[in-house]
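Labels below follow one simple rule: chain letters A, B, ... track the order of the sequence lines, proteins then strands, and each chain is numbered from 1. Please read these numbers as outputs of a predicted model, since none were measured by experiment.
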2 protein chains.
Amino acid sequence: MPLSSSLIARAALELGDRDGPAAMSMRRIAADLGCDPMAIYRHFPNREALLDAVADLALAEVAAPDPAAGWDSRVREILTSARAEALRHPGIAAHIASRPPLGANGLRLAASLNGALAEAGLSPSGVVHAAQALIAYVAAALAMANQAGVRDARWSQVSSAMIGLPGSELPVVGSVEQFEYGLRLLINGIRAEVS
Amino acid sequence: MPLSSSLIARAALELGDRDGPAAMSMRRIAADLGCDPMAIYRHFPNREALLDAVADLALAEVAAPDPAAGWDSRVREILTSARAEALRHPGIAAHIASRPPLGANGLRLAASLNGALAEAGLSPSGVVHAAQALIAYVAAALAMANQAGVRDARWSQVSSAMIGLPGSELPVVGSVEQFEYGLRLLINGIRAEVS
DNA sequence: ACCTGAACACCGTTCAAGT
DNA sequence: ACCTGAACACCGTTCAAGT
């Protein structure tokens with residue numbers, strides 16, 4: 001079986017799913033494939049390019065939103081699904097967060113998002129601005145969910161000290177609830193923008 | 001001059017300002033200080049703890065917002081200033097984005113932000129949710145601004161292809177304008193939440 | 001007891017040597 | 001011409017040896 005870029009990316013994605021982000025090194029991916037590390041460089045110019053491909057692959061199963069739904073629930077669907085898919089792939093989630101992929105799947109999502117925002121009544125440049133704000137927010141929520149184990153402790157301590165809420169009632173940083181709250185704020189904000 | 005944790009953090013911040021994030025390794029920081037790399041471990045348990053300290057230091061000069069201003073412009077002031085201060089320190093900006101610091105300065109900012117949000121009329125748990133959404137957004141905007149050189153090309157290509165706008169009129173990813181647009185959406189969203 | 005630096009177990013990538 | 005793997009220039013951190 002000859003190496004190909006999609007075969008490498010696919011193997012790397014699965015390796016990351018199993019062993020986490022620490023496994024996503026050129027050397028370990030090569031070992032997993034049973035090839036020389038340098039063989040990968042025949043298909044990708046460098047590690048970042050490989051990770052970009054893996055990241056885009058991880059978004060392959062993001063569902064297309066119901067076209068009959070309103071623009072706001074379509075936006076919510078796309079972004080919620082993208083977040084969930086990214087979190088299903090722990091090896092590459094951090095990379096998606098730091099560099100939203102613009103491969104075939106990323107482009108499909110961006111087009112879908114732009115369509116919904118245009119339908120909301122935003123101007124063309126408003127669509128671009130709003131899409132970037134939404135993508136930035138999803139990326140950040142992803143980064144937080146990704147290291148939630150570490151951050152929860154820090155943040156609930158801070159929040160409970162400052163707000164006086166019992167820790168158990170605090171939202172988990174990076175939780176779905178927190179994510180959806182911020183998404184609602186942004187969608188409310190877009191609605192205010194066009195009304 | 002004996003080593004101390006604040007002396008180390010201060011030197012690391014300046015080194016990063018000069019030589020960028022690649023210079024923020026234990027070995028290079030130690031070389032800059034003229035000490036053994038292991039000497040740093042007598043003051044910080046590991047590299048992440050050192051970077052957390054440096055990150056908090058970078059936020060030292062974020063201005064306290066005018067207390068007479070409305071909650072919305074206070075929120076805007078705090079976050080705009082935090083973003084600007086972080087970007088003034090290229091060595092640590094990416095770390096701030098991935099792990100909003102909770103040292104003395106981070107706590108001061110968080111308290112300030114929470115105060116403004118409480119005044120907006122949010123419930124205690126709404127304050128926590130909204131603060132986290134805002135911090136996540138700033139972190140993401142920071143991450144994008146930080147690698148803007150690379151991303152601009154990717155995104156303007158995509159956006160102009162999909163929206164049909166000339167590339168020159170597109171917002172630069174990670175620009176102040178883009179940042180402020182998203183911030184306005186979130187603040188609009190908060191206003192909608194409490195009305 | 002304290003401190004140092006050699007050593008360990010890794011990296012991404014270059015490049016010369018082999019086929 | 002193609003491919004391999006040794007080598008380069010790094011990492012963060014451990015730990016044994018020195019003072």
Distance check: side-chain N/O of Arg47(A) vs OP1/OP2 of dT13(C), anything under 4.0 Å?
->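 No, outside the criterion.
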Mind calculating the distance between [atom1] ([X]) and [atom2] ([N]) to the nearest angstrom?
| X | N | atom1 | atom2 | result |
| --- | --- | --- | --- | --- |
| Phe44(B) | dG12(D) | CZ | P | 14 Å |
| Glu48(B) | dC11(D) | CD | P | 18 Å |
| Tyr41(A) | dC11(C) | OH | P | 12 Å |
| Ile29(B) | dC10(D) | CD1 | C1' | 15 Å |
| Met24(B) | dC10(D) | CE | P | 18 Å |
| His43(A) | dC2(D) | NE2 | P | 12 Å |
| Ile40(B) | dG12(D) | CD1 | P | 9 Å |

Can you tell me, in whole Å, how much space there is between the [atom1] of [N] and that of [M]?
| N | M | atom1 | answer |
| --- | --- | --- | --- |
| dT19(C) | dA7(D) | P | 16 Å |
| dC10(D) | dC8(C) | C1' | 15 Å |
| dT13(D) | dT13(C) | C1' | 23 Å |

For dC2(C), what is the paired nucleotide under Watson-Crick or G-U wobble rules, both distances under 3.5 Å?
->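 Across all strands, the one nucleotide that pairs with dC2(C) is dG18(D).
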What does dA7(D) pair with, Watson-Crick or G-U, if both distances are under 3.5 Å?
->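 Pair assignment: dA7(D) / dT13(C).
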Choosing from [options], which nucleotide comes nearest the side chain of [X]?
| X | options | answer |
| --- | --- | --- |
| Met26(B) | dG12(D), dT14(C), dC11(D) | dG12(D) |
| Met38(B) | dT13(D), dA7(D), dT4(D) | dT13(D) |
| Asn46(B) | dT13(D), dG12(D), dT4(C) | dT13(D) |
| Asp36(B) | dG5(C), dG12(C), dC3(D) | dG5(C) |

Rounded distance [0.5 Å steps], [atom1] in [X] versus [atom2] in [Y]:
| X | Y | atom1 | atom2 | answer |
| --- | --- | --- | --- | --- |
| Met38(B) | Met26(B) | CE | CE | 6.5 Å |
| Ile78(A) | Ser73(A) | CD1 | OG | 9.5 Å |
| Ile135(A) | Leu113(A) | CD1 | CG | 5.5 Å |
| Leu57(B) | Leu51(B) | CG | CG | 12.0 Å |

Base, sugar-phosphate, or nothing: which does Arg27(B) touch, judged by heavy atoms less than 4.0 Å apart?
->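 Base, at least one base heavy atom under 4.0 Å.
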Within-4.5 Å side-chain heavy-atom neighbours: Leu134(B) and Tyr137(A) |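 They are not in side-chain contact.
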